[in-house]
Peer 1: 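Input: one structure, supplied below.
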Amino acid sequence: MVDNTEALTTQKEPYPLLAASGLCKSFGGIKAVDNAEIQVAQGTITGLIGPNGAGKTTFFNLLSNFIRPDKGRVIFDGEPIQNLRSHKITQMGMVRTFQVARVLSRLSVMENMLLGAQKQTGENFWRVWLQAKLVKREERQLRERAMEVLESVGLASKAQDYAGALSGGQRKLLEMGRALMTNPKLILLDEPAAGVNPTLIREICDRIVLWNQQGMTFLIIEHNMDVIMSLCSRVWVLAEGHNLAVGTPAEIQNNPQVLEAYLGQ
Ligand SMILES: Nc1ncnc2c1ncn2[C@@H]1O[C@H](COP(=O)(O)OP(=O)(O)O)[C@@H](O)[C@H]1O
Ligand SMILES: [Mg+2]
């Protein structure tokens with residue numbers, strides 16, 4: 001079903017930045033993801049929904065090769081990535097956040113942000129040695145960018161606080177900010193609105209739209225249907241590990257099978 005060459009030659013179809021097909025992953029006897037597929041067109045905000053336990057997080061883990069699939073393939077930006085290490089995938093421009101945010105508690109919020117930045121001049125010993133000034137300037141630029149991103153996720157006033165002092169919702173925002181520091185082409189968000197207050201949810205949604213307009217593609221798992229319906233042009237539905245439906249938010253809302261899957265949980 002997923003065929004890059006076809007998509008590339010079909011003028012009307014946007015280029016699929018991410019395309020996965022036939023993905024399978026079992027844990028013991030449980031088929032968490034069972035022959036699932038997805039396509040995320042470049043430049044879109046795409047949603048992934050489904051009842052609890054549907055396999056959404058596992059699916060993200062497979063897409064980002066955080067865990068190895070039993071079967072299936074994943075193509076990102078035209079290249080098969082299912083055999084690549086996670087950090088290599090990050091370098092290619094795909095980042096993800098976790099349902100339970102992972103931050104370095106004993107570092108400050110700003111330090112967490114700076115760790116997210118890649119390709120600093122400072123990583124190269126010779127340039128550090130020869131061009132200390134350049135490194136300083138780059139560090140200042142990175143800090144400025146980190147502050148901008150922190151402002152956009154509502155954490156600017158917490159820049160010097162320990163990340164460990166943040167609430168669960170704020171940690172999610174920090175994790176999203178850190179992911180943005182890598183200037184990704186594609187960002188996978190696992191329940192970005194969970195545990196975040198409604199005012200901030202609206203602000204984050206506005207931000208996501210802005211980042212999207214600047215060219216960033218999003219794939220978002222979310223239980224908050226207002227978020228999914230307002231942001232996404234296309235929504236994929238997983239149930240019991242496999243694809244149940246795909247369509248526009250309106251189509252998904254009116255799909256009786258989707259309703260049934262949610263009511264049955
Ligand atoms: N590491 C794991 N070990 C065993 N079972 C797991 C593991 N991760 C997920 N599962 C199981 O796989 C199924 C799908 O889980 P998950 O991907 O977290 O779903 P969702 O994110 O849609 O709620 C669930 O039955 C869950 O218990
Ligand atoms: Mg999950």
Side-chain angles (χ1 to χ4, degrees), residues 18-40 45-74 76 81-82 85-86 89-90 94-103 167-176 178-179 184 186-196 201 204-205 208 217-229 231-232 234-247 249 252-253 255 257-265:
L18 179 71
S21 59
L23 281 181
C24 297
K25 183 73 193 179
S26 294
F27 297 108
I30 300 168
K31 286 183 173 174
V33 172
D34 185 10
N35 199 23
E37 66 164 310
I38 198 165
Q39 286 144 44
V40 179
I45 304 176
T46 298
L48 177 61
I49 66 168
N52 279 325
K56 304 179 296 297
T57 295
T58 306
F59 196 52
F60 259 27
N61 287 338
L62 298 175
L63 293 175
S64 54
N65 215 3
F66 196 74
I67 56 174
R68 277 295 181 89
D70 298 334
K71 258 202 263 173
R73 59 184 211 141
V74 184
F76 173 63
I81 58 164
Q82 70 271 13
R85 307 283 290 267
S86 292
I89 294 172
T90 307
M94 173 165 135
V95 290
R96 52 86 55 92
T97 64
F98 290 87
Q99 190 169 345
V100 178
R102 300 177 171 201
V103 299
S167 71
Q170 288 169 330
R171 286 177 200 212
K172 299 200 84 137
L173 297 170
L174 172 55
E175 199 184 37
M176 199 190 304
R178 198 173 52 190
L186 173 67
I187 175 162
L188 311 182
L189 302 176
D190 196 346
E191 299 197 23
V196 179
I201 290 177
I204 292 167
C205 286
I208 289 174
T217 304
F218 286 85
L219 176 61
I220 304 180
I221 295 177
E222 188 47 68
H223 280 296
N224 183 326
M225 283 303 136
D226 292 338
V227 169
I228 289 287
M229 298 301 159
L231 289 181
C232 300
R234 205 166 168 75
V235 181
W236 293 76
V237 188
L238 273 189
E240 295 172 357
H242 50 254
N243 297 95
L244 184 68
V246 56
I252 294 304
Q253 262 177 322
N255 182 321
Q257 280 177 300
V258 174
L259 195 63
E260 200 176 309
Y262 273 91
L263 290 176
Q265 81 171 315

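Excluded from the calculations below are hydrogen atoms, water molecules and symmetry mates; all remaining heavy atoms, backbone and side chain alike, are included. By convention here, the first residue in the shown sequence is residue 1. Ligands are counted one by one from 1 in listed order, and the atoms in each one are counted from 1 as well.
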Peer 1: Ignoring hydrogens and angles, tell me if any N or O in the side chain of Asn61 forms a donor-acceptor pair with the backbone of Phe66 under 3.5 Å.
Peer 2: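 Judged by distance alone, no pair lies under 3.5 Å.
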Peer 1: Can you tell me if Lys56 uses its side chain to pair, donor with acceptor, with the backbone of Gly50 under 3.5 Å?
Peer 2: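 A pair under 3.5 Å: yes.
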Peer 1: More than 12 foreign heavy atoms under 6.0 Å from CD of Gln82: is that the case here?
Peer 2: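 More than 12 heavy atoms, drawn from other residues, nucleotides or ligands, come within 6.0 Å of this atom.
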Peer 1: Would you say the side-chain atoms of Asn255 pair up with the backbone N or O of Gln257, donor to acceptor, closer than 3.5 Å?
Peer 2: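 A pair under 3.5 Å: yes.
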Peer 1: Atoms of ligand 1 less than 4.0 Å from Ala54 heavy atoms?
Peer 2: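 The list of qualifying atoms is 19 (O), 20 (P), 22 (O).
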Peer 1: Hey, is atom 14 (C) of ligand 1 under 4.0 Å from any protein heavy atom?
Peer 2: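 Yes.
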Peer 1: What protein heavy atom sits nearest atom 25 (O) of ligand 1, and how far off is it?
Peer 2: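 Sorting protein heavy atoms by distance from atom 25 (O) of ligand 1 puts Ile30 CG2, 4.0 Å first.
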Peer 1: Do Thr57 and Asp190 pair up side chain to side chain, a donor and an acceptor below 3.5 Å, judged on atom types alone?
Peer 2: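 Looking only at side-chain atoms, Asp190 and Thr57 do form a donor-acceptor pair, the distance falling under 3.5 Å.
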Peer 1: Relative to the heavy atoms of Thr58, which atoms of ligand 1 are at a distance of less than 4.0 Å?
Peer 2: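 This gives 9 (C), 15 (O), 16 (P), 17 (O) as the contact atoms.
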Peer 1: When you measure from the side chain of Ser167 to the backbone of Gln170, do you find a donor-acceptor pair of N or O atoms at a distance under 3.5 Å?
Peer 2: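 It does hold such a pair.
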Peer 1: Checking a contact table here: which protein heavy atom is nearest atom 18 (O) of ligand 1, and how many Å away?
Peer 2: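 So the nearest neighbour among protein heavy atoms is Thr57 CB, 3.8 Å.
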Peer 1: Students should be able to answer this: which protein heavy-atom is nearest to atom 11 (C) of ligand 1, and at what distance?
Peer 2: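 Of the protein heavy atoms, Phe27 CD1, 4.1 Å lies nearest.
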Peer 1: Just going by heavy-atom distances, which of Ala239, Gly53, Gly55 is nearest to atom 23 (O) of ligand 1?
Peer 2: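 When every heavy atom of Ala239, Gly53, Gly55 is considered, Gly53 comes closest to atom 23 (O) of ligand 1.
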Peer 1: Quick check: does Thr57 put an N/O/S atom under 2.8 Å from the Mg ion (ligand 2)?
Peer 2: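 So Thr57 does bind the Mg ion (ligand 2) by this criterion.
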Peer 1: Between the side chain of Glu222 and the main-chain N/O of Ala193, is any donor-acceptor distance below 3.5 Å?
Peer 2: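 Yes; at least one donor-acceptor contact below 3.5 Å.
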Peer 1: Check ligand 1 against Asn52 and write out every atom of the ligand that is under 4.0 Å from a heavy-atom position of the residue.
Peer 2: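 Within the 4.0 Å cut-off of Asn52, ligand 1 contributes 23 (O).
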Peer 1: Quick one: does Phe59 get an N or O within less than 3.5 Å of an N or O on ligand 1?
Peer 2: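 For ligand 1, there is no N or O atom that lies under 3.5 Å from one belonging to Phe59.
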Peer 1: Does the protein place any heavy atom closer than 4.0 Å to atom 27 (O) of ligand 1?
Peer 2: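 It does not; no protein heavy atom is within 4.0 Å.
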Peer 1: Is it true that the side chains of Arg234 and Thr46 contain a donor and an acceptor less than 3.5 Å apart?
Peer 2: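 Checked: Arg234/Thr46 side chains show no N/O donor-acceptor pair below 3.5 Å.
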Peer 1: Tell me: protein heavy atom nearest atom 12 (O) of ligand 1, and distance?
Peer 2: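 Among all protein heavy atoms, the one nearest atom 12 (O) of ligand 1 is Ala32 CB, 3.3 Å.
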